Amino acid sequence: MIAFTDIVGMDMAKQALMLLAVDPSLGGVVIPASVGSGKSTLARSFADILPEGTPFVELPLNVTEDRLIGGVDLEATLVKGARVVQHGVLSKAHEGVLYVDSLSLLDSSAVSHVMDAMSRGAVLVEREGLSEVHPANFMLIGTYDPSDGDVRMGLLDRIGMIVPFATQNDYRARRQIVSTVIGKKDAEDTADELKMLNGLIEAAKELLPRVSMTSEQMQGLIQSAISLGVEGNRVDIFAIKAALASAALAQRNDVDEDDLKLAVKLVLVPRATRMPQREEEVQEEMPPEEEMPPEEPETEDEEAPADTPDADAEEEQEETPDMIEELMMDAVETELPDSIMNISLASKKKSKSGSRGEALNNRRGRFVRAQDGEMRSGKVALIPTLISAAPWQASRKAEREKKFGKINTALVINKEDVKIKKFRDKSGTLFIFMVDASGSMALNRMRQAKGAVSHLLQNAYVHRDQVALISFRGKEAQLLLPPSQSVDRAKRELDVLPTGGGTPLASALFLGLETAKQARTKGISQIMFVLITDGRGNIGLQSSIDKDAPKASKEELEKEIEALSATVFSEGVASIVIDTQMNYLSRGEAPKLAEKLGGRYFYLPNAKAEQIAEAALS
Amino acid sequence: MTQTASAAKKSAATKAKAGSVARKSSGPKKARTRKKQAQAFPFTAIVGQEEMKLSLILNIIDPRIGGVLVMGHRGTGKSTTVRALAEVLPMIERVRDDIYNRTPSQFIEGEKAGKNGKALAPEDIVIEDIPVPVVDLPLGATEDRVCGTIDIEQALTSGVKAFEPGLLAQANRGFLYIDEVNLLDDHLVDVLLDVAASGRNVVEREGISIRHPARFVLVGSGNPEEGELRPQLLDRFGLHARIITITDVAKRVEIVKRRREFDENPEAFLKKWTREQKKLQKQILAAKYLLPEITMSDDVLTDIAKLCMQLGIDGHRGELTITRTAHAFAAFRGEKEVTMDHVREIAGLALRHRLRKDPLETLDAGEKIERELAKVLGEAEEV
């Protein structure tokens, strides 16, 4: 176990954890980093700088709902003959730390429960005849590898600080890491350093209530949040808290520039949904104003006055010293573009959201019937269990009393009585849209695809259908939208999609297959590819992996498509090809593609959204 | 739906099977003790989000409006606002310790069959005042806790089948709140739809057979990015309030300041806002009294019908909701006659989610609706 102070590098992450130790109401820290960067070691070492005895609970990814929330401990209940309540992981973390490794892989219902607990500071247990409130006020430390997929935004919103993604590139740091890991460091030094750090944090905690910040500083932070398009008010509060904690840690009574910058980096920038306006743009959009000093064009609030014609607000904003705004922009710019590119919630990175291949219908959905089963293999169907035990009570009790003397259970339930609930889970079709974004007609196709996606989602929600969206252009295909039911997100992704370039059809099929495979492990059995393309793939699979790969020949391209199509077919994925070829020069690539995929073909150059949706559903 | 509802009511009244409850639970049960959570932020201290606040208030004034769906950006105080609601709600009468929060007449009707047909006299019943219940339905709730089920403890310890009421019983005559309503499990959504339509919870499972009144104002909140709401459920909500992030610095500073003040010393903060809270409570109560006296001219009614027709809204739920909401709104304003001005203010809330969506629309859906609404309202007024 490596101590907090012995960890080399990851300074921002350490900084964030220290702020959290000073003010636990910051909610938590999310640390995105690539595999093997020591993020989990760091997260676990957080316990070192917390008061002794603080709970530190690790949340395993495969946690079940009842372990998470808590409920009736059936076995104990049956043995004791009185209800025994089992607390869940969330309430065990109360007043301590909940640590989730690979946060982005946590399944969506677990995420919802964590979110709910964080916003209430408690877990409401409304299960299995229990109705209780268990306090659950915890700090959440989450680590994840961004290439595993994204963390749900609702959850991130409740966690104060998000550390910018960084890779360890300094060889000196690397050397030091290795020497630390192999234990070259003196244990006494470590103990001393930890003691010092703990003292520092204790002092900061004491000071914290007396640290103050000016209204201008507060406004500056909020203005930055607005400029970055950060959603909601929770984040404002987190930013202010982070700045205060930072000042306290430095044993200052007042917040200074560095504190503000740190708050911007750890709280605001990672949640940016848009880049602050570049200088020139701002100048263009700004109405000429006398008071505007020309050397300070960074007053990035070109939007706020438009939204708020009320005079007070404008006055307030003029009072905000430009100095502070400049400072914010500074902090933002030093973090951009790296952090925005790597972990920004608005970024459209390739997501390979993983899954644990859980058999869903033992746990979720509608309770259909009870079956014989092991107590641990699912949820116990209590009443059928009792019914099956009922007829034997008299004889069993007599038998037990003979064996053990007086017994105090009202019921004698044997293993063979136990019935397990069987659930039926509705799972619909996953429509994976693959939209050709190459060439000149791209824009029009986008409209069609967008319409079709919305239609499918709006009309077919009842069947629990989902859509995913893949676009292909240039060198490789991109998963714009992992399987989702959100029309909003699909629309937004399509809105900002760039077009033009080559047609990496093979890459699209490949990505489609990957997405399909993952969906299967999540219990979606029916999958349909909807290809909106003219079928003229001209970029090989190799080029999408390696930029310098030699250009594939026509035969190679065809072979690739053929092989991939055959896989699609053999995997039982249905497909339809919507040919968007406009002119009469079509060489029939799209019909051929449909044939290879064993799918249906539609020639719909001017198709309306509904037609595409209908074609997919028919 | 209305047909089924009234039919269900009749049949339930005549052949209520409350008799099959083997034993009436004696006295208040521990599951029913009011769960005290952390103190709620005062409703009146919430900055902005007027649509949501108004929608909630109008639903208190007239619960028949059919609830509110609050959708929008995260971290904007959706759940804070709903949880703050309890403190401005008026008191209601119920039979003391009744597990279903029934009114005396509902109680008598429900218990009739249980006492071998022997009618209960009103003087046998003790009445108490309780605050309108606000029940939180967490996502992890299991069906047995929502609908009620057999009391496990009693079954295990004494082998007796007793009914333990669920959240639907607790929510009778009050509010049922579901945060992240779009993430709710399908089977729970089905249950809710059933009960919301009939106003009655029927439990027929695992050897129990119970029915009890469950009329509540459904309040749901969520972020559309996390997933869409099923159309059937969407249609269940009377009003649809939208929430967006405030982009006014001064307002946001005020939000932060109030929040910090509250967190530092909740008691002092609540005290500071007592007067405002009381004022709002009184205003709501006055509106409730005024409501039966509100009138609406045939002209206004005609205009409402025209408005719904021109917007191409299916069914009559749109008109009904506008009418009820406009009545409540007029009452809240202390005005006795509903005018088109009132209608204009609340039409967006009542119709937004009932409009057919154009999937090719690139404009913000809300914006477009407002524009059309303004146009149609203008025309309707001129006619």
Side-chain angles (χ1 to χ4, degrees), chain A residues 65 69 72 77 81-83 112-113 116 119-122 124 126-129 131 133 153-154 157 218-219 222-223 226 231-237 240 303-304 307-308 312-313 316-317 365-367 382-383 386 410-411 426 447 450-451 454-455 457-458 461-462 464 485-489 609, chain B residues 31 35-38 73-77 79 136-146 149-153 155-159 164 167 179-180 183 185-187 190 206-207 223-228 230-232 245-253 255-256 259-260 263 357 359-360 362:
Chain A
E65 201 169 69
I69 301 173
V72 174
T77 300
R83 181 149 60 192
S112 301
H113 295 314
D116 196 52
S119 72
R120 286 177 210 272
L124 295 198
E126 293 290 354
R127 317 165 53 79
E128 296 151 353
S131 178
V133 182
M153 289 182 245
D157 196 48
M218 207 184 267
Q219 282 172 30
I222 291 172
Q223 182 61 62
I226 294 171
E231 222 172 76
N233 308 104
R234 230 186 306 246
V235 178
D236 295 348
I237 295 169
I240 289 163
E303 199 193 354
D307 285 349
T308 58
D312 297 16
E316 292 265 11
Q317 274 157 29
R366 184 185 279 275
F367 169 36
L382 191 64
I383 308 303
L386 292 178
L411 283 168
K426 272 189 253 171
R447 276 177 69 79
K450 182 149 96 175
S454 309
H455 257 286
L457 281 174
Q458 265 149 14
Y461 187 90
V462 195
R464 274 301 188 200
Q485 287 172 335
S486 168
V487 179
D488 270 28
R489 276 191 70 190
Chain B
K35 284 166 286 183
K36 202 70 190 162
Q37 285 192 58
H73 292 179
R74 49 185 161 267
T76 44
S79 28
D136 223 321
L137 195 153
L139 291 181
T142 53
E143 200 174 328
D144 59 313
R145 272 304 302 147
V146 175
T149 186
I150 202 162
D151 184 326
I152 299 180
E153 204 165 283
L156 283 178
T157 52
S158 37
E164 180 157 309
L167 298 173
D179 193 12
E180 311 283 355
L183 303 180
D185 262 1
D186 264 3
H187 65 284
D190 292 340
E206 296 175 340
N223 184 327
E225 278 192 0
E226 309 264 0
E228 299 288 316
R230 222 160 116 181
Q232 297 95 313
T245 304
I246 297 170
T247 51
D248 176 337
V249 183
K251 272 192 191 158
R252 270 172 72 160
V253 170
I255 292 171
V256 167
R259 185 76 227 181
R260 290 180 60 76
D263 286 341
K357 282 178 194 147
L360 282 182
T362 41

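Below, chains carry the letters A, B, ... as their sequence lines are ordered, and counting in each starts from 1. Note that the structure is predicted; figures quoted are calculated from it, not measured.
Residues Leu124(A) and Pro138(B) come closest through the heavy atom pair CB-CG, 3.7 Å. Across Val256(B) and Met218(A), no two heavy atoms sit closer than the pair CG1-SD, 4.4 Å. Contact detail for Met153(A) and Arg74(B): the closest heavy-atom pair is SD-NH2, 3.4 Å. Among all heavy-atom pairs drawn from Asp116(A) and Asp179(B), the shortest one is OD1-OD2, 4.4 Å. Residues Leu183(B) and Ser112(A) come closest through the heavy atom pair CD1-OG, 3.5 Å.
Here Thr142(B) is the residue among Thr142(B), Thr76(B), Thr245(B) with the most heavy-atom pairs under 4.5 Å with chain A. Contact count versus chain A (heavy atoms, under 4.5 Å) is highest, among Lys251(B), Glu180(B), His73(B), Arg252(B), for Arg252(B).
When side chains are defined from C-beta on, Glu231(A) counts as touching Asn223(B), because their heavy atoms get closer than 4.5 Å.
Between Arg259(B) and Asp236(A) no salt bridge is recorded (no basic side-chain N to carboxylate O distance below 4.0 Å).
Both the backbone and the side chain of Leu139(B) come within less than 4.5 Å of a heavy atom of chain A.
Between atom CG of residue Asp248(B) and atom CD1 of residue Ile226(A) there is a gap of 7.0 Å, rounded to the nearest 0.5 Å.
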